[in-house]
Amino acid sequence: MLLLRHHPASLRRRVRLDSAIHRLAMSTAASASAPPASSAASDYHCRTKHSLTAGYARGPGRLDWANQPNPFLRFSPPSQIPLPNPPPGIAGIPYPSLFHSPPPPPSPQPLSVDSLSALLFHSLALSAWKSAGVSTWSLRVNPSSGNLHPTEAHLLFEHPRDPGRLVVSHYAPRDHLLEVRSAAPLADFPALLPPPATAVLALSSIFWRESWKYGERALRYCNHDVGHALAAVAVAAAALGWDVRLLDGLSDEDLGYLVGVEKGAPPPPDGLPDKMVRGKAPWVERQHPDCAVLLFPAGSEPKVDYGVMSAALRGLDRLEWVGKANALSKDHVVWDVIYHTAEAVKKHGPAPGESFSVNPWRRNAALSDDLYKELTVQEVVRRRRSAVDMDGVHVMGRDTFYQIMLHCLPSGDVSPEELQGPPSALPFRVLPWDAEVHATLFVHRVSELPKGLYLLVRNEEHFDMLRRAMRQDFEWERPEGCPDGLPLYRLMKGDCQQIAMQISCFQDIASHGCFSLGMIARFELVLHEKGEWMYPRLFWETGVLGQVLYLEAHAVGISATGIGCYFDDAVHEVLGLKDLEFQSLYHFTVGAPRWWRPPLGQIRLEGTWRAPAASGELPTCNGPLPFARSGWRGDCGGLLSAVADSPQAAGAGSIWR
């Protein structure tokens, strides 16, 4: 994910907008509204906005390389379950067939060490190692803002080689193994794996890993990463014939027992600080429990009783836990607003009337499988990379654009009488709420589609609300050739490259691709109607959508990049949005990456490297262990794209995911 920050002085020099963009974007100070005093989530959100006029959200200003957090959390000394790397005997599934074939996906695989390995290998594992000079860093299957990876994963399952034994484990991606933190007879905790459930996977965040570089805005990025991880797990599970559903009726306290936040971790502070603090603060390395999902054979529906499951999770606290967490940094910076907000948006149990349910599985709508390259799902997820720059030349076919948009719809292939909104298609079906996020698209280079501003309405119940909230001079026209069932609307024609670049913190990558987009969420009403605990979940939904864009781009032979740096209220002004009814939560760009040859002697690349002959062709390299600023393909085990995923390689001013 690309997150570019310019020095405020540089920002002031660059803010020279033409008259049209000045009219749209420079009146943000007047349009931004103060958040309700009673809403911690709204207060945090407005406080951490980047602004064309007021500058950037508070951050460190410079990077303290000596205290860069260790990206690998380990517990010592636990027993371990090594996982085969790579997992054996897993049949490759053509990418489009997983989404377009009659649901559910392939026959469910039995739980085994091999199937657990395949799940994690294709969702949360390392995908490559890179090196530049004396610096070496890893990439993972799941993207992360700045490649900082605040997200940790934990698995609860019946040990395949010791039937009747329930295992609580932490996944260590560096060595692709499970660290067993605790164990007990399954008969003592039957509610934790209601038949025919396979496992429970929990995600947690270490905020310090992200705030080290991004300061107060880091809480947003941590929750983007949770969404990406949820989608990655859902796709990997579907390839095994498993379904995944968020256990959203569990409280944050319940999740803490599952993750073991108090076990082998630094003790919590006596009280949260009320200002930013520098110095030794080991407690900021503690995990924050985010969510848990239930994995089960596709086509089934386990019976989950949240009350009984919650009581069982409290019982885990009484078990013996082993392993002490390694220290991640020597010194720290405590961005107090992150921890106060995380406390305020906790969920304390099921919402009124909330119960566990599984939506009918719907396939994604398809124009043609021929629009995709001949790649398996496993190849696509392992080769995913983030582009650093787009070539500014490649033109996407209109049908390819429409196919990508169809895969962004939560309900999949619905009948003419049905509306988009309920999450029934992969991977959106992992989420239990109807879609709250829409996509505002800046179309730059799509053949037979006029340049301009478009809107993908992902929940059609919101159509009237969106139309009332946005500029009254928008066209709301269906573009030519748009498939039936794709709620895509052209708002205005025109070249949007400059404004797309400027509102995304002046990043050229937002204008040099085929299209870029901003994810607009229904905001204030959601927090009011459901509760502030929905705040992180809105970002999870954007992360799930972002993961789809990554996979779709790579599956058609190009690339994508998530953009976390944008001027929030400038986006709203372009659309005519006022107050907090809708808010922009995440940006993305999709296009053909700019290929380049590594400078001789600067970047080490083991194996041979061949530049592409033409735009859109993938460069290749042949060798067992390549290291380069670019990615790689073929025997090298990944997709070559111009990326720089290392904070060291990127420098203090720019970041890639």
Side-chain angles (χ1 to χ4, degrees), residues 59-60 62-80 124-126 129 134-140 144-154 168-182 202-216 218-219 221-222 225-226 229 255-273 276-290 320-336 338-339 342-343 646-648 652 655:
R62 54 176 292 275
L63 295 182
D64 180 7
W65 293 111
N67 288 298
Q68 181 184 5
N70 186 337
F72 300 111
L73 176 66
R74 296 300 298 268
F75 291 91
S76 177
S79 62
Q80 299 175 348
L124 304 174
L126 302 191
W129 283 91
V134 297
S135 299
T136 300
W137 65 96
S138 62
L139 304 181
R140 304 195 195 186
S144 172
S145 43
N147 200 34
L148 298 173
H149 288 284
T151 309
E152 298 290 333
H154 311 260
V168 185
S169 62
H170 168 254
Y171 177 54
R174 179 168 185 153
D175 297 302
H176 193 53
L177 57 80
L178 293 170
E179 299 176 316
V180 178
R181 305 286 324 280
S182 190
L203 299 175
S204 60
S205 294
I206 299 175
F207 298 145
W208 164 237
R209 283 210 188 110
E210 205 70 31
S211 64
W212 166 79
K213 188 154 192 171
Y214 293 115
E216 291 187 351
L219 184 61
Y221 302 153
C222 288
D225 288 2
V226 171
L255 297 172
Y257 295 132
L258 177 57
V259 169
V261 293
E262 304 293 344
K263 308 298 183 179
D270 294 333
L272 292 176
M276 188 264 282
V277 178
R278 299 180 185 271
K280 293 185 184 297
W283 65 268
V284 302
E285 299 181 3
R286 290 165 59 88
Q287 299 178 77
H288 172 80
D290 293 308
E320 178 184 0
W321 287 68
V322 297
K324 180 180 179 181
N326 59 316
L328 304 182
S329 299
K330 180 180 177 180
D331 288 319
H332 311 84
V333 178
V334 181
W335 297 94
D336 57 297
I338 291 176
Y339 301 93
E343 187 69 25
S646 162
Q648 293 91 336
I655 295 233

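The structure displayed is predicted, hence computed values, not measured ones. We number each residue from 1, following the sequence as shown.
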Ring pair (Phe, Tyr, Trp, His ring centres under 6.0 Å) involving Trp283 - partner list, sequence neighbours excluded:
Tyr339
Restricting to non-hydrogen atoms, name the atom on Ile206 and the atom on Val284 that form the minimum distance, rounded to 0.1 Å.
CG2-O, 4.1 Å
Which atom names give the shortest non-hydrogen contact between Trp321 and Val259, and what distance separates them?
CZ3-O, 4.1 Å
Rounded to the nearest 0.5 Å, what's the gap from CG on Leu255 to OG on Ser204? Could you check?
10.0 Å
To the nearest 0.5 angstrom, please state how far the CE atom of Met276 sits from the CD atom of Glu216.
8.5 Å
Pairs in or reaching into residues 171-181: which pass salt bridge (Lys or Arg N to Asp or Glu O under 4.0 Å), with residues at least two apart or in two chains?
Arg74-Asp175, Arg74-Glu179
Contacts of Lys280 that satisfy salt bridge (charged side-chain N to carboxylate O under 4.0 Å, His left out) - sequence neighbours left out
Asp331
Rounded to the nearest 0.5 Å, how far apart are CG of Asn326 and CG of Leu73?
5.5 Å
Partners meeting salt bridge (charged side-chain N to carboxylate O under 4.0 Å, His left out) with Asp336 (sequence neighbours left out)
none
Could you list the residues that satisfy ring pair (Phe, Tyr, Trp, His ring centres under 6.0 Å) with Tyr171, not counting sequence neighbours?
His176
Contact summary for Gly264 and Phe75, nearest pair of heavy atoms:
O-CE2, 4.5 Å
Straight-line distance of Asn70 CG to His149 NE2, nearest 0.5 Å
13.0 Å
Separation between CZ (Arg278) and CG (Asn67), nearest 0.5 Å, reads 11.0 Å
Supply the atom-to-atom distance Gln287 CD to Lys263 NZ, rounded to the nearest 0.5 angstrom.
13.5 Å
Thr151 to Val226 - nearest heavy-atom pair and separation
OG1-N, 4.2 Å
Side-chain contact test, heavy atoms from C-beta onward, threshold under 4.5 Å: evaluate it for Leu63 versus Gln68 and give yes or no.
no
Taking the side chain as every heavy atom from C-beta outward, state whether Pro60 and Trp335 have any atom pair closer than 4.5 Å.
yes
Side chains of Trp208 and Val333 in contact at under 4.5 Å (non-hydrogen atoms):
yes
Any side-chain heavy atom of Ser211 sitting closer than 4.5 Å to one from Ile338?
yes
Give a yes or no on whether the backbone of Glu320 and the side-chain of Ser182 come within a donor-acceptor separation of less than 3.5 Å.
yes
Only residue of Arg209, Lys213, Glu210 satisfying side chain to side chain donor-acceptor pair (under 3.5 Å) with Ser145 is Glu210
Kindly indicate whether the side chain of Leu124, heavy atoms from C-beta on, has any atom under 4.5 Å from the side chain of Pro173.
no
Would you please name every residue forming a ring pair (Phe, Tyr, Trp, His ring centres under 6.0 Å) with His154, sequence neighbours left out?
His170
So, Ser329 and Trp212: side-chain donor and acceptor under 3.5 Å apart, yes or no?
no
Closest approach of Leu219 to Ala342 (non-hydrogen atoms, all atoms of both residues)
CD2-N, 4.4 Å
Quick one: closest heavy-atom pair of Asn147 and Ser138, and the distance?
ND2-O, 2.9 Å
4.5 Å side-chain heavy-atom contact, Tyr221 and Leu148:
no
